[in-house]
Amino acid sequence: MNDNLYAILAARFPHNPDAPCLILPDGRRISYAELESQSARYGNLLIEAGVKPGDRVAAQVEKSPEALYLYLGCLRAGGVFLPLNPAYQRGEIEYFLGDAKPGLFVCRPEKLEEAQELAWATRVPLVHDLGERGDGSLVAAAAEMPDRLDTVESAGSDLAAILYTSGTTGRSKGAMLTHRNLAANALVLHQYWGFRPGDVLLHMLPTFHVHGLFVATHCALANGSPMLFEPKFDAPRALRLMREATVFMGVPTYYVRLLQEPGLTREAVAHMRLFVSGSAPLLPETFAAFRERTGQTIIERYGMTEGGMFTSNPLDGERRGGTVGFPLPGTEVRVVGESGKLLPAGEIGHIQVRGQNSSSVFAGYWRMPEKTQEEFTPDGYFRTGDMGRFDSDGYLAIIGRDKDLIISGGLNVYPKEIEEAIDALPGVAESAVIGLPHPDFGEAVTAVVVRDRNGAGLSAEGIIAALKGQIAGFKVPKAVHFVEDLPRNTMGKVQKNLLRQRFSA
Ligand code: MLC
Ligand code: AMP
């Protein structure tokens with residue numbers, strides 16, 4: 001049996017070749033037959049370009065049908081897909097290319113020149129471009145390729161994708177995801193959330209992270225369902241499209257923004273059967289307000305780049321606000337104390353997860369065996385860095401994090417990376433970056449800066465402007481405060497809790 005993720009999904013595609021897979025904003029419909037032939041063309045192109053099973057294919061492109069063909073073509077060719085947020089800047093991309101050493105880098109047309117320079121510097125042999133309107137050399141080259149391809153035979157343990165996550169210290173880490181990992185998660189979620197004939201997914205998430213690329217897309221493909229495939233989240237448009245859709249997945253910011261729409265009523269979402277939230281904590285107020293306005297109860301689930309989804313509230317049975325539900329079938333979740341001792345229900349501790357047959361947790365960090373080893377316990381549980389507790393009914397609640405991480409609008413920001421960038425600016429003695437509650441993004445990246453003796457002219461605007469070209473926009477602080485000194489404990493560690501208290505007041 002072929003354990004290639006594409007083969008597993010394709011075995012479930014509709015028998016009717018004309019069944020729609022993607023419905024685009026301009027009304028264009030792309031059938032499942034076309035998805036198969038297009039992904040074959042992209043797969044053939046990769047093979048012809050010399051991409052061998054296990055070779056990485058990096059893509060920093062906007063969401064589009066062609067970007068999806070590239071992902072699926074990469075799976076079919078046995079390549080390892082490496083999606084990159086278009087918000088990443090030059091220095092960030094240079095690191096990813098240098099670390100992952102892809103055989104091909106696909107960039108946006110407007111960044112072709114920069115991509116070629118970076119490819120040269122990092123010895124990436126081939127660059128193509130792909131625009132959001134289906135333009136660019138990749139599309140032209142794929143059009144010349146045969147539209148049939150026997151998906152390569154993959155073992156479940158073969159890599160299917162690498163997704164970079166930033167780290168609390170130093171360099172970003174590439175989480176290695178296997179075909180088995182992604183397939184097991186897709187099939188479990190498909191079943192757990194009761195996907196059925198007639199489902200239509202409203203897909204507004206970006207396709208360069210776990211949530212949009214794997215959780216949402218794989219569920220729809222595994223069900224042979226159409227996706228209303230939208231370039232980005234837009235609350236008024238989401239409401240219009242919900243009249244034709246049945247399932248919606250989003251980060252909490254999407255629900256906050258939907259609640260600001262006067263048109264969000266029971267009637268507006270009457271066609272919908274399922275709302276899923278994840279990637280960041282859904283505030284109990286948002287959960288309750290959504291239920292009040294629409295009569296629909298959001299299913300909150302919990303997961304990570306390092307393995308996909310771990311827990312979910314149930315489809316049938318109580319969906320409990322403020323919790324992320326139960327461990328998914330095939331995944332073991334435990335809460336342990338500082339000494340590693342299992343904690344009883346009601347006690348807060350570190351959340352650790354383990355997958356049966358290595359299906360629910362990733363295969364480790366790319367070229368970082370020591371880091372990988374550190375993150376796993378001797379009995380094979382992955383240390384998530386999240387703190388939580390089970391209640392007496394077995395629902396897991398996420399209470400906080402023991403990693404210094406900010407989640408802004410569903411995107412992770414590690415303070416250390418931003419502090420290093422700020423500290424390198426002239427006039428800065430030192431800085432601390434914290435997350436403060438934000439009504440839209442959940443948490444807002446905020447910098448607290450100490451000037452050095454040359455820093456009199458340093459302003460908040462100046463710091464923000466200097467950072468914008470260097471790091472992705474979502475990581476740039478929304479506010480900068482100046483202080484004389486950072487508060488430190490007796491060990492010399494900055495007391496970020498005091499800064500959070502002071503500046504959220
Ligand atoms: C954009 N901006 C953000 C931001 N997104 N700032 C903080 N946090 C964010 N998340 C900034 C831009 O840099 C820009 O700044 C300005 O906002 C406008 O950009 P935009 O792209 O037009 O913004 P918008 O469309 O409003 O995007 C916000 C958003 C988007 C919330 C809709 O970020 C989003 O779709 N987030 C979802 C991310 C996601 O898929 N996460 C899942 C990760 S997987 P300026 O200054 O230039 O104007 C995962 C595992 C799991 O976590 O469990 O699922
Ligand atoms: P990422 O590295 O982008 O995959 O982010 C994973 C992190 O997002 C987890 O470790 C959690 O901290 C957080 N997360 C995901 N889902 C939830 C949720 N439902 N509630 C709270 N935090 C979440």
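All ligand and atom numbering here is 1-based and tracks the order in the structure. On a predicted model such as this, the values are computed, not experimentally measured, just so you know.
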Regarding ligand 2, does Tyr302 bring an N or O atom to under 3.5 Å of one of the ligand's N or O atoms?
no
Looking only at heavy atoms, what is the nearest atom pair of Gln296 and Met272, with distance?
NE2-O, 3.0 Å
Ligand 1 to Gly473, heavy atom cutoff 4.0 Å, flagged ligand atoms 13 (O)
If you define the side chain from C-beta out and look only at heavy atoms, does anything of Thr305 sit under 4.5 Å from Phe362?
no
Tell me the protein heavy atom at minimum distance from atom 12 (O) of ligand 2, and give that distance in Å.
Asp386 OD1, 2.6 Å
Atom of Pro65, atom of Phe229 and distance for their closest heavy-atom approach
N-CE2, 4.1 Å
Does the protein place a non-hydrogen atom closer than 4.0 angstrom to atom 14 (C) of ligand 1?
no
Evaluate Thr384 for polar contact with ligand 2, using N/O atom pairs at a separation under 3.5 Å.
no
With backbone taken as N, CA, C and O and side chain as the heavy atoms from C-beta onward, which portion of Arg257 lies under 4.0 Å from ligand 1: side chain, backbone, both, or neither?
side chain
Going by heavy atoms, is Val210 under 4.0 Å from ligand 2?
no
Regarding ligand 2, does Lys403 bring an N or O atom to under 3.5 Å of one of the ligand's N or O atoms?
yes
Write down the atom of Phe208, the atom of Asn85, and the distance for their closest heavy-atom approach.
CE1-CG, 3.4 Å
Can you check whether Gln89's main-chain N or O pairs, donor with acceptor, with Glu92's side chain at less than 3.5 Å?
yes
Which atoms of ligand 1 have any heavy atom of Leu205 under 4.0 Å away?
40 (O)
NZ or CZ of Arg257 within 45° of Phe233 ring axis and under 6.0 Å
no
Distance-only N or O hit between ligand 1 and His209, under 3.5 Å:
no
May I ask which of Ser279, Gly307, Pro231 has a heavy atom nearer to atom 50 (C) of ligand 1 than the others do?
Ser279
Could you tell me whether atom 18 (C) of ligand 1 has at least one protein heavy atom nearer than 4.0 Å?
no
Hey, does Thr165 come in under 3.5 Å of ligand 2, counting only N/O atoms on both sides?
no
Is it true that Lys403 and Glu306 have a side-chain N and a carboxylate O under 4.0 angstrom from each other?
no
Quick one: look at Glu300 and ligand 2, take heavy-atom pairs under 4.0 Å, and tell me if it's side chain, backbone, both or neither.
side chain
Please find the pair of heavy atoms, one from Val336 and one from Arg334, that lie closest to each other, and give the distance.
CG1-NE, 3.7 Å
Between Asn313 and Arg320, is there a donor-acceptor pair closer than 3.5 Å when you use the side chain of the first and the backbone of the second?
yes
Atom 23 (O) of ligand 1 [closest protein heavy-atom partner, distance rounded to 0.1 Å]:
Lys232 NZ, 4.5 Å
Shortest protein heavy-atom distance from atom 7 (C) of ligand 1, along with the residue and atom involved:
Ser408 OG, 3.0 Å
Suppose we call two aromatic rings close when their centres sit under 6.0 Å apart. Are Tyr395 and Phe390 close by that rule?
no
Write out the residue and atom name of the closest protein heavy atom to atom 16 (N) of ligand 2, then the distance separating them to 0.1 Å.
Ser279 N, 3.2 Å
Using a distance threshold of 4.0 Å (strictly less than), state whether atom 54 (O) of ligand 1 has a protein heavy-atom neighbour.
yes
Nearest non-hydrogen protein atom, atom 36 (N) of ligand 1
Gly409 O, 3.0 Å
Could you identify the single nearest non-hydrogen protein atom to atom 2 (O) of ligand 2 and state the distance to 0.1 Å?
Asn412 ND2, 2.8 Å
Is it the case that Lys371 places NZ or CZ above or below the six-membered ring of Tyr365, under 6.0 angstrom from the centre and within 45 degrees of the axis?
no
Among all protein heavy atoms, pick the one closest to atom 1 (C) of ligand 1 and tell me residue, atom and distance.
Phe474 CB, 4.5 Å
Would a 4.0 Å cut-off, counted as strictly less than, catch a protein heavy atom around atom 48 (O) of ligand 1?
no
Using distance alone, determine whether Ser277 and ligand 2 share an N or O pair under 3.5 Å.
no
Residue part near ligand 2, for Leu411, under 4.0 Å between non-hydrogen atoms
neither
Checking contacts here: is it the side chain or the backbone of Tyr254 that comes within 4.0 Å of ligand 1, counting heavy atoms only? Could be both or neither.
side chain
Consider every N or O of Arg301 and every N or O of ligand 1, then say whether any pair is closer than 3.5 Å.
yes
Close approach, Gly212 and ligand 1, non-hydrogen under 4.0 angstrom:
no
Among all protein heavy atoms in this structure, tell me which lies nearest to atom 46 (O) of ligand 1, with the distance rounded to 0.1 Å.
Lys468 NZ, 3.0 Å
Short N/O distance, under 3.5 Å, between Lys478 and ligand 1?
yes
With respect to atom 7 (C) of ligand 2, which of Gly278, Ala280, Gly303 exhibits the smallest heavy-atom separation?
Gly303
Hey, does Arg301 sit under 4.0 Å from ligand 2 if you only count heavy atoms?
yes
Ranked by distance from atom 41 (N) of ligand 1, the top protein heavy atom is Gly410 O, 2.9 Å
